[in-house]
Structures are given as C-alpha cells and as structure tokens.
Amino acid sequence: MSILHLASCSLGAGMLRLKFRDCDVAYLPVDLVYAPLFRDFSEMSLEQYVDRYENLMNISSLYPEQLDELKAFCRRDFSQYDEVVVWHGDTAGEQLFFSFVCALVERQLSEVDLRGMYSAGWKLNSVTISACSPDNLEMLWGSVRCLPDSEKQQSAERWNAWSQMDADLRIKNDVGEVVGVDKRFYDERIISACSNDWQPAMRVVGRVLFDVGFGVGDGFLHRRVVELAREGEVLVRRNENAQPKSGVNLS
C-alpha cells in the first residue's frame with residue numbers, strides 16, 4: 001500500500017521519515033503565516049506569493065529554490081497513492097496548512113490531528129509537528145482517520161476565505177480564530193522587551209517568542225528588530241566580544 005504523508009515544514013517531514021521509512025513524505029517549503037496568500041494555484045499566483053514572502057522575510061538569496069519547491073508540491077500527482085495523510089496541529093500555520101491541503105488535493109484525505117498530544121500530557125500551549133518526536137508520531141498514528149467529505153469541504157472554504165486576506169501576517173486571536181494583521185503587529189512587544197541595558201538581540205527575540213506562544217518564527221521577529229533599528233525605534237550596537245556577524249545588542 002503506497003502512502004504519502006504531508007507535513008507543514010521540513011523538520012516535521014524529517015520526523016515523519018524517521019517513523020515511516022517505506023512511505024513518501026512531502027512538506028510545504030513556505031510558512032503560510034507570512035505574506036498575502038496566493039488566491040489560486042496558478043503559476044502566476046504562486047510566483048507573486050513567493051516574491052512577497054521573500055521580501056517580507058528578506059530571504060530571497062538564501063532560498064533560491066523555494067518557488068520551484070512550492071510549485072512541485074502543488075503539482076504533485078496525489079492520485080498515484082492509495083492514501084494521502086495530512087498531519088496538523090493547532091497553531092495558525094498548521095491550521096492554514098491543513099485547509100490549504102484540503103483545497104488543493106482533489107481526492108479523499110486521511111488526517112492525524114496532533115492535538116491528541118494534549119491528552120498525553122503535552123505541556124505547551126500549542127502543538128506543531130515540528131515539536132513532535134518520532135515516538136509522539138508513533139502514538140498519534142493510532143488515531144489516523146479518513147476525513148469526511150463535509151469536513152474537507154469546510155476546511156477548503158476556510159482556505160478560500162483566508163487566501164483573500166490582504167495581510168502581511170496571520171495569527172490566532174484570543175478565541176482561536178485565524179485573523180490577518182499588519183507586519184508591525186509585534187513591534188510594541190519587541191520594544192517593550194528591550195531595556196535600558198544592552199542585551200543580545202536574540203534574548204529579546206526569545207522573550208517575545210515565548211510571550212506570543214511561538215505564533216511566529218524567530219527569523220521574522222529578528223527582521224522586525226532590524227527594521228525598528230533602521231527607523232530609530234531601538235538602539236543597536238555590535239557585541240565587541242563576539243565573532244563578526246554574531247548579531248547586535250539592543251537597548
């Protein structure tokens with residue numbers, strides 16, 4: 001029986017490959033939390049999305065293959081498999097990924113809901129596949145289920161609504177809904193995390209990450225630190241005791 005497992009990120013795909021060595025695994029090369037989304041799966045829409053994504057994250061020189069990988073994911077022949085399993089948690093990114101797959105894949109899907117980790121004593125306030133171990137996945141595999149067509153359709157409709165958002169960023173609000181916000185949404189938190197004493201930039205980023213429940217990544221927050229420094233909202237200087245390119249300190 002041929003099975004394809006789908007994950008929202010490369011780290012999650014790596015965990016799945018450790019568990020399911022005889023199955024195919026694919027992951028999305030972008031985090032759907034960032035940048036205005038593609039409104040359809042056409043080549044032009046995907047190209048425009050990756051351009052906006054890379055500009056927002058300032059990573060175009062680091063990931064030149066990102067567009068090709070996104071196109072390959074969207075153009076994959078899902079019909080060749082006996083079963084397609086999508087793994088997802090409850091962060092904004094994982095919810096977006098699940099709904100995206102439901103809209104993209106025109107066949108029946110199976111689902112593993114990572115929220116099953118809560119009943120096993122999961123301590124964090126959210127669960128993503130990147131935080132799960134192979135042992136966690138082994139336990140969750142017992143709860144795999146065939147996704148009813150009605151639920152798949154509802155999820156696809158949520159994707160269609162989210163993809164119309166003209167927002168730089170998507171987060172979960174206080175009632176668990178995915179909403180669009182401006183890229184400056186976390187700037188006040190970053191400024192508040194600074195003090196009158198110099199401290200490593202990543203300490204500030206780490207504090208904000210924890211405060212927002214890891215709803216965004218450290219790369220995005222570091223990018224916002226750089227922009228705030230350019231605008232004069234925070235002061236920065238190089239750590240003289242660190243190696244070159246080690247980062248900056250904040251005040």
Side-chain angles (χ1 to χ4, degrees), residues 6-10 12 26-76 86 88-106 126 128 130 153-190 205 208-209 212-228 230-231:
L6 301 178
S8 62
C9 62
S10 60
Y27 68 91
L28 199 63
V30 294
D31 188 336
L32 297 172
V33 164
Y34 306 111
L37 294 167
F38 38 97
R39 300 188 175 185
D40 56 52
F41 304 120
S42 68
E43 186 164 327
M44 180 178 293
S45 290
L46 298 179
E47 289 174 354
Q48 291 173 342
Y49 171 71
V50 170
D51 184 61
R52 294 189 295 261
Y53 183 94
E54 293 180 343
N55 285 336
L56 179 67
M57 304 297 287
N58 194 32
I59 58 171
S60 56
S61 62
L62 298 178
Y63 301 98
E65 73 287 351
Q66 201 158 48
L67 176 58
D68 290 339
E69 291 180 355
L70 177 59
K71 289 180 180 178
F73 188 99
C74 293
R75 305 291 181 259
R76 181 181 284 266
V86 56
H88 69 93
D90 57 2
T91 64
E94 298 268 299
Q95 289 187 32
L96 285 156
F97 171 71
F98 176 63
S99 293
F100 157 72
V101 171
C102 287
L104 172 70
V105 180
E106 297 179 347
S126 61
T128 69
S130 61
Q153 181 61 33
Q154 289 172 359
S155 293
E157 290 172 357
R158 282 195 293 271
W159 168 260
N160 292 333
W162 289 333
S163 67
Q164 303 305 307
M165 290 181 181
D166 188 19
D168 297 315
L169 196 64
R170 281 158 295 282
I171 64 169
K172 285 178 65 175
N173 63 16
D174 293 338
V175 296
E177 299 172 333
V178 175
V179 296
V181 296
D182 187 78
K183 64 183 179 181
R184 296 178 176 274
F185 183 78
Y186 293 115
D187 285 5
E188 287 301 319
R189 286 180 180 266
I190 292 172
V205 169
V208 176
L209 274 176
V212 303
F214 297 86
V216 291
D218 58 349
F220 171 79
L221 292 176
H222 188 270
R223 176 65 175 168
R224 294 309 309 153
V225 169
V226 172
E227 292 301 320
L228 288 170
R230 287 175 175 167
E231 295 167 3

Legend entry - Salt-bridge present (Glu47, Lys71; N to O < 4.0 Å): yes
Inset, instruction - Scan residues 29-41 for pairs that pass side chain to side chain donor-acceptor pair (under 3.5 Å), counting only residues two or more places apart or in two chains. - result: Asp40-Ser42, Asp40-Ser45
Inset, instruction - Ignoring hydrogens and angles, tell me if any N or O in the side chain of Glu69 forms a donor-acceptor pair with the backbone of Pro29 under 3.5 Å. - result: no
Legend entry - Distance (rounded to the nearest 0.5 Å) between Ser10 OG and Leu28 CG: 10.5 Å
Legend entry - Point-to-point distance, once rounded to the nearest 0.5 Å, from CD of Gln154 to OG of Ser99: 10.5 Å
Inset, instruction - Only counting residues at least two apart or in another chain, list the ones meeting side chain to side chain contact (heavy atoms under 4.5 Å, CB included) with Val105. - result: Phe78, Val101, Arg107, Leu109
Inset, instruction - Run the salt-bridge test on Arg184 and Glu231 with the 4.0 Å N-O cut-off and return the result as yes or no. - result: yes
Legend entry - Rounded distance (nearest 0.5 Å) linking atom CG of Leu46 with atom CG of Asp51: 12.5 Å
Inset, instruction - Run the ring-centre check on Phe97 versus Trp159 and record whether the distance is less than 6.0 Å. - result: no
Inset, instruction - Report yes or no: do Glu94 and Ser8 form a side-chain donor-acceptor pair below 3.5 Å? - result: yes
Inset, instruction - Kindly say whether Met57 contributes a backbone atom to a donor-acceptor pair with the side chain of Arg223 at under 3.5 angstrom? - result: no
Legend entry - All pairs passing side chain to side chain donor-acceptor pair (under 3.5 Å) where residues 161-174 contributes a residue, at least two apart: Asn173-Glu177
Inset, instruction - Locate the shortest heavy-atom distance separating Leu32 from Phe100; write the atom from each residue and the value. - result: CD1-CB, 3.8 Å
Inset, instruction - Work out which heavy atom in Asp90 is nearest to a heavy atom in Gln95; give both atom names and the distance. - result: O-NE2, 3.1 Å
